[in-house]
S.K.: 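One structure, pasted below without further comment.
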Amino acid sequence: MASKRLIPTLNRVLVEKLIPPSKTTAGILLPESSTKLNSGKVVAVGPGARDKSGNVIPVAVKEGETVLLPEYGGTQVKLGEKEFFLYRDDDILGIIQE
């Protein structure tokens, strides 16, 4: 069976949430509040929305970027065994640069 691929429409962004480790490499358990940064990796982006005159407004993020996500929101999508979230471009709070 071929694997499924979701291509977002308009200004939507498909994100795979990053789960921070709950333990250090030495085995020390971290409190939940220290691992709470809500971030994800952009898996796919739509072509962008159109303005009133029909021009395409491109999406602000690119595939592969790590983004800061709102605490709530997004549409949960399950493809195979993996879980993803769909957000509108303007719902993404920022890009995390390392």
Side-chain angles (χ1 to χ4, degrees):
M1 183 172 135
S3 64
K4 291 182 182 179
R5 176 158 186 200
L6 177 66
I7 300 169
T9 58
L10 300 174
N11 65 340
R12 289 180 181 82
V13 179
L14 186 66
V15 175
E16 182 176 12
K17 285 197 176 179
L18 299 176
I19 315 285
S22 58
K23 273 191 208 181
T24 64
T25 53
I28 298 170
L29 291 173
L30 298 171
E32 189 178 316
S33 62
S34 70
T35 62
K36 186 111 180 179
L37 184 63
N38 204 12
S39 61
K41 184 174 182 177
V42 176
V43 177
V45 295
R50 294 193 178 270
D51 62 12
K52 290 181 181 179
S53 54
N55 300 321
V56 175
I57 303 168
V59 178
V61 297
K62 295 183 258 221
E63 288 184 27
E65 288 184 321
T66 303
V67 293
L68 182 62
L69 302 169
E71 190 172 345
Y72 301 104
T75 302
Q76 187 175 353
V77 178
K78 194 166 185 180
L79 294 174
E81 297 298 313
K82 288 193 170 189
E83 198 173 89
F84 300 95
F85 289 83
L86 267 174
Y87 289 92
R88 290 188 187 275
D89 181 36
D90 52 343
D91 289 340
I92 292 176
L93 303 175
I95 299 170
I96 300 172
Q97 294 182 336
E98 296 179 22

S.K.: To the nearest 0.5 Å, what is the distance between OG on Ser39 and CG on Leu68?
M.R.: 7.5 Å

S.K.: Within 45° of the ring axis of Phe84 and under 6.0 Å from its six-membered ring centre, is that where the NZ or CZ of Lys78 lies?
M.R.: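 That pair does not qualify as a cation-pi contact.
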
S.K.: With sequence neighbours excluded, tell me which residues meet side-chain hydrogen bond (donor to acceptor under 3.5 Å, both in side chains) with Gln97.
M.R.: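 In terms of side-chain hydrogen bond (donor to acceptor under 3.5 Å, both in side chains), with neighbours along the sequence ignored, Gln97 is linked to no residue.
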
S.K.: Taking side-chain contact (heavy atoms from CB on, under 4.5 Å) as the definition, give me every residue that meets it alongside Glu81, ordered by chain and number, with sequence neighbours left out.
M.R.: none

S.K.: According to side-chain contact (heavy atoms from CB on, under 4.5 Å), who are the partners of Pro70, at least two apart in sequence or on a separate chain?
M.R.: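 If we apply the side-chain contact (heavy atoms from CB on, under 4.5 Å) test to Pro70, skipping adjacent residues, the hits are Tyr87, Leu93.
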
S.K.: Find the distance between CD1 (Ile7) and CZ (Arg12) and round it off to the nearest 0.5 Å.
M.R.: 14.5 Å

S.K.: Run the side-chain contact (heavy atoms from CB on, under 4.5 Å) test against Val45 and tell me which residues pass, sequence neighbours left out.
M.R.: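 Partners of Val45 by the side-chain contact (heavy atoms from CB on, under 4.5 Å) criterion, ordered by chain and then number, come out as Val13, Val42, Val59, Val61.
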
S.K.: Just how far is it from atom CG of Asp91 to atom CG of Leu69, taken to the nearest 0.5 Å?
M.R.: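 Taking CG in Asp91 and CG in Leu69, the distance rounds to 9.5 Å.
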
S.K.: Which pairs, with at least one residue in residues 54-66 and sequence neighbours excluded, count as a side-chain hydrogen bond (donor to acceptor under 3.5 Å, both in side chains)?
M.R.: Ser53-Asn55

S.K.: Looking at Leu6 and Ala44, what are the two nearest heavy atoms and their distance?
M.R.: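 In this case the closest contact between Leu6 and Ala44 is O-CB, 4.0 Å.
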
S.K.: Salt bridge (Lys or Arg N to Asp or Glu O under 4.0 Å): which pairs involve residues 49-60, sequence neighbours left out?
M.R.: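 Sorted result for residues 49-60: empty, none.
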
S.K.: Should we count NZ of Lys82 as having more than 12 external heavy atoms under 6.0 Å?
M.R.: no

S.K.: If you take all heavy atoms of Pro47 and Pro8, which pair is closest and at what distance?
M.R.: CD-O, 3.9 Å

S.K.: From Ile57 CD1 over to Asp90 CG, what is the distance, rounded to the nearest 0.5 angstrom?
M.R.: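 Between atom CD1 of Ile57 and atom CG of Asp90 there are 10.0 Å.
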
